[in-house]
Structures are given as C-alpha cells and as structure tokens.
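Position 1 is the first residue of the sequence; numbering continues from there. Heavy atoms only: backbone and side chains are in, while hydrogens, waters and symmetry mates are out. Atoms within each ligand, like the ligands themselves, are counted from 1 in listed order.
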Amino acid sequence: MARYELVLRNGTLATAGEVVKADVGVREGRIVALGEDLVPGEVEIDAAGKVVTPGGVDSHCHLDQPMSDGSVMADDFRSGTVSAAFGGTTTVIPFACQMKGQSLRAVVEDYHRRANGKAVIDYAFHLILSDPTDQVLGQELPALIKDGYTSFKVYMTYDDMKLDDREVLDVLGVARREGAMTMVHAENTDCIAWLTEKLEAAGNTAPRYHAVSRPSPVEREATHRAATLAEIADSPVLIVHVSGAEAIDQIRAAQARGVRVYAETCPQYLFLTADDLDLEGFEGAKCICSPPPRDAANQKAVWTALKTGVFHVFSSDHAPFRYADPRGKQIRGTDASFAWVPNGIPGLETRMPLLFSEGVGKGRIDLRTFVRLTAANPAWMYGLYPTKGAIAVGSDADMVIWDPHRKVTLTNAMLHHNVDYTPYEGMELTGWPETTISRGVVVCDGGELKAEIGRGEFLRCATPEPATLTSTA
Ligand code: DUC
Ligand code: ZN
Ligand code: ZN
C-alpha cells in the first residue's frame, strides 16, 4: 500500500459531530485514514496539544466585484484568498454579480476571468440576480444551476440591485423547481430612502446616521416579508447578515411554522455596535455596512441565536473598501453623506479567529457548533459537504491546526488583505490558526505563505440539501 503523503498526528479533531483524538492520513489531497498510530507519512505534522478543525468555508464574501458607483474592491482573488487562508479558511464563495441589462452567463464568464490563476484556496461562485428577465429566469439561470452555480442572492434594497416582491417570488419559483438556494438581503428599501431623505434634509449626514437610516424595524419587516415569500413559494431562503433580536424573532417564528428559513450572521454583529460609526471625523465610515451593527443587547441576542441553532452559517461578508482612498470609503470625500459611502467591512481573515476566541474560548459555543457554523453547514448549504467542511475518510484534506492558547493582539499590519484597516484593531484574542492545509498542501504555516498562488480550484456546487441541514444536532 502506498505511503501516506501527509500524516497529521496526535491532534484533537473537531468535526460537526464529535471531538476526538486521532491521527489523519492523507493521500492525493484527500483524507484516507483516521485512527491511532498511523504508519509514518512522507510529511509528518505533530498536532499534539492543538485543535484540528475542517478548513473554514466562508460562504459570503465579496472579491473583485465590479461596483456601479465607481468604487473598487481592494481585494481580488489573490489577496482575498491569501488573507482567507491565513485566517483558517480553505474555501470561499464570493458573488458573480449581475448588473441590470447584463446576461448572467457573461457575468459568470467575466468572474472566472477575474479568478483564474489567482486563488490559493478553492472557490465556488454564488450569483447575484438584479435583472430577472424572462430570458434570465427561463433559460440562463436553470442552465447555470445545472452547471454548478446553485445559489443566488437577491436584494430587497439598493437602487441598482433591488427586486420587488413579485420578482423575488419569480426567483423563488425557479429555485424551487431547480433545487437551488436563494439568499436574501432583507431591508425595506422605501423605509431607508424615506429616513435618509429626512436625515439629509436636516443636515445629519455623518457616518453615524447610516445606522439611524436603517433601524431594526427596517430589517424586521423585510425579514418577515422574505420568510412569507419563501412560505408562499414553498422554496427555502437563507436570510444573510442578520444583525439582531428583531430579525431573529422573525426567523425563529418562521422556522417554528415549518418554513424553510435559514439564517446567517457575521462578526460585525457580535463585535461592533452603532457607536463604532460615531468616531472622530469621518472614521466611522470604516464600520459602515448594511444592515448596520446595533447595540450590546442585540449582540447578546445574536450570541444566543448562534448557540441555540437559529443560525446555520457564520460568514464574514468581507466587502473590502480602503478607508483613505478616493476609490474606497472616501469616494465622495470626507464631508459626503453616509448614503454615498460604499457599504462593507473587511473580515475574511478575522472571521474564524474571532469566533474561536470569543465563542469557543469564552464558553459561549462549543467546538462542534464552531465547526458547524464556520465550515460544515456552509458546505452543506451549497452542496459541497462532505468533500468540504468535514474531517472524514474521503473528504478533501482541508484542515486548520489551532493553537488554542496562543494570545494575539489583532492589528491590521498582521493581516494579509489589501484593506488599510481592520475594525477589530487592538482586540486581544486567545487561540490562533497556525497551519492551514488545503487538499493536503500546507498553504500557511507559522505566519508564512507556503503554497503557490493559482493552485486554488473552482468548485461546482451540487444542488443543496437543506432538508438535512441542522445547526444543533
Ligand atoms: N452589505 C451588503 O449587502 N453587501 C456588502 C457589504 C454590506 O455591508
Ligand atoms: Zn447584503
Ligand atoms: Zn454581502
């Protein structure tokens, strides 16, 4: 029998189902053995005293996405995937975004050109649907779903993206027929426009008013509506970037009614509040994202919902805009209204370390829940499980070795994205991903990049199996 190419020895392996001590044997990029005292491999890694989790799957991030306002995302597939890998992520799923009038197929081809040869870890694509014409819904979308693009995001706000309820129902109808997953950005667009107009007329344009223009009821109403549309169309939805208690209540109520509503939250709703938008001068723009961060009570509600299984997925929503940059947050200058600031904050590299330290380390969630939220469930949701998101015989050898005791003070200087700030500057974390392995290849180790840019492969997603998805069992 051929030797193992890699043996990971003596680690504490954490999966969605269990935490066990075992060795992992890897051949041709896949896990081929789990057990005690495996025979020596060509490469040996001693993981004694370390925690080994499946490589993270960040199923909501934005890389090199063309923007309609002239702003430019700071991370492409090179810097974005390198940054993700240093944070313990081995699969990213960013968005091929349709602008109105564009053919979906052309958008996907363009996005492949942007990704080709640049990724250091594996990647799949979601679609963003902003123009659901008969041609798109009748021809292009069904064909793309069959080709491995099995999930798409729709927006209930943003002038250049938003769909009305009828259009969302039409999209859900296709998703139902083809077995795809619809992700929904749930905020009420007319409420935001009305509030923004009033704030701007009163001269209240500083970054902190972004949060005032998008209060919780704006999200609550749209979340209720999205769940209702899912119920009527009998098609599952994933409510993305859920920010707090009011939306969580709607999701929990819909789940209790038996509606297939899945939910995602992100680090910004655990570690930032609206006060972070109220910094000196224009600095609050760094934390402008939508929905906005709320307050401490809402952070607590998000933690509780993570623990109790209301949430299935923990993503970064990495949307990289540089702060001191006329193509970034300051595209209209530092006196501009909040309404012109590109939305989004960076988070690919900090997503897993933040949840490991503040969730697992502080006893708020257990290790299995951590694995489900950061790897197993997102893989499952997009038809990639158990190739991704698992440590099992037959799975891709995507693993992260964590030093659970290492103390790290987060600074932007230590991160590998191309953004000029992190909203989490100065946070003290315990636990850090020391080694990231993708298909048996050590990609990052001890702070150094070890693998070749361009080795990352495109993944075709299968149609998801949400009926079998659990967040607590
Ligand atoms: N909100 C989004 O909907 N997308 C990108 C970032 C953000 O804040
Ligand atoms: Zn969104
Ligand atoms: Zn997003």
Side-chain angles (χ1 to χ4, degrees), residues 58-69 71-75 80 84 92-99 111 125-130 151-163 168 171 181-189 192 196 207 210-211 213-214 218-219 222-223 225-226 237-244 247 262-272 274 276-277 284-294 313-323 328-329 331 338-348 350-351 378 381-382 417 419 421-423:
D58 194 338
S59 60
H60 185 161
C61 55
H62 303 268
L63 296 175
D64 200 10
Q65 184 180 314
M67 302 298 295
S68 61
D69 64 355
S71 60
V72 174
M73 289 201 168
D75 285 311
V92 290
I93 317 184
F95 296 85
C97 177
Q98 180 198 34
M99 302 283 186
Y111 211 47
F125 294 169
H126 304 291
L127 310 172
I128 288 174
L129 298 180
S130 66
S151 48
F152 24 85
K153 184 174 177 189
V154 296
Y155 286 82
M156 297 171 110
T157 188
Y158 294 134
D159 286 344
D160 54 345
M161 295 285 168
K162 69 183 181 210
L163 305 190
V168 174
V171 170
M181 176 61 71
T182 307
M183 311 162 76
V184 183
H185 180 125
E187 289 185 295
N188 180 310
T189 199
I192 295 167
T196 300
H210 173 77
S213 75
R214 305 172 102 102
V218 160
E219 187 185 4
T223 302
R225 190 155 33 100
V237 288
L238 169 67
I239 310 290
V240 293
H241 44 49
V242 173
S243 74
Y262 300 94
E264 171 201 86
T265 193
C266 314
Q268 44 272 41
Y269 307 116
L270 292 175
F271 305 112
L272 301 178
D276 291 301
L277 276 68
K286 291 177 177 174
C287 294
I288 285 187
C289 60
S290 295
R294 307 282 179 204
V313 182
F314 187 73
S315 308
S316 67
D317 197 6
H318 180 84
F321 297 102
R322 293 170 65 83
Y323 174 66
K329 293 284 185 183
I331 188 161
F338 63 86
W340 295 106
V341 177
N343 280 204
I345 61 173
L348 269 171
T350 44
R351 172 186 77 118
M381 183 87 68
Y382 304 111
H417 60 197
V419 183
Y421 73 96
T422 169

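- Of all heavy-atom pairs spanning Leu270 and Phe314, the tightest one is CD1-CE1, 3.6 Å.
- The nearest protein atom to atom 8 (O) of ligand 1, hydrogens excluded, is given as Ser290 N, 2.8 Å; this is a heavy-atom distance.
- Applying the 4.0 Å criterion to heavy atoms of Ala319 picks out, from ligand 1, the atoms 5 (C), 6 (C).
- Here the straight-line distance linking atom CE of Met67 with atom CZ of Phe321 works out to 4.0 Å at 0.5 Å rounding.
- Residue Lys153 approaches ligand 1 through these ligand atoms, each under 4.0 Å from one of its heavy atoms: 3 (O).
- Shortest distance from the Zn ion (ligand 3) to Asp317 is reached at OD1 (N/O/S atoms only).
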Inset, instruction - Please assess His318 against Arg351 for the test side-chain contact (heavy atoms from CB on, under 4.5 Å), listing each intermediate value before the final yes or no. - result: CA-CA 9 Å; His318 180 84; Arg351 172 186 77 118; over 6 Å; no

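- Each of the following atoms of ligand 1 lies closer than 4.0 Å to a heavy atom of Cys289: 8 (O).
- Contact annotation: for Asp317 versus ligand 1, heavy atoms closer than 4.0 Å belong to the side chain alone.
- Between Arg214 and Thr157, some side-chain heavy-atom pair lies under the 4.5 Å cut-off.
- For ligand 1, the atoms lying closer than 4.0 Å to a non-hydrogen atom of His241 are 3 (O).
- The shortest side-chain heavy-atom distance between Glu187 and Tyr155 does not fall under the 4.5 Å cut-off.
- Between Tyr155 and ligand 1, no pair of N/O atoms sits closer than 3.5 Å.
- Tyr111 contributes atom OH, which lies 6.5 Å from atom CZ of Phe125 (distance to the nearest 0.5 angstrom).
- In terms of distance to the Zn ion (ligand 2), the nearest N, O or S atom of His185 is named ND1.
- Residue Lys153: an N/O/S atom is found under 2.8 Å from the Zn ion (ligand 2).
- Interatomic distance, Thr189 OG1 to Lys162 NZ, rounded to the nearest 0.5 Å: 4.0 Å.
- In terms of protein heavy-atom proximity, atom 4 (N) of ligand 1 is closest to His62 NE2, 3.7 Å.
- If you check the side chains of His62 and Asp317, you find a donor sitting under 3.5 Å from an acceptor.
- No side-chain donor from either of His241 and Ser315 sits under 3.5 Å from a side-chain acceptor of the other.
- With 2.8 Å as the limit, His241 does not count as an N, O or S neighbour of the Zn ion (ligand 3).
- With respect to atom 2 (C) of ligand 1, the closest heavy atom belonging to the protein is Tyr158 OH, 3.6 Å.
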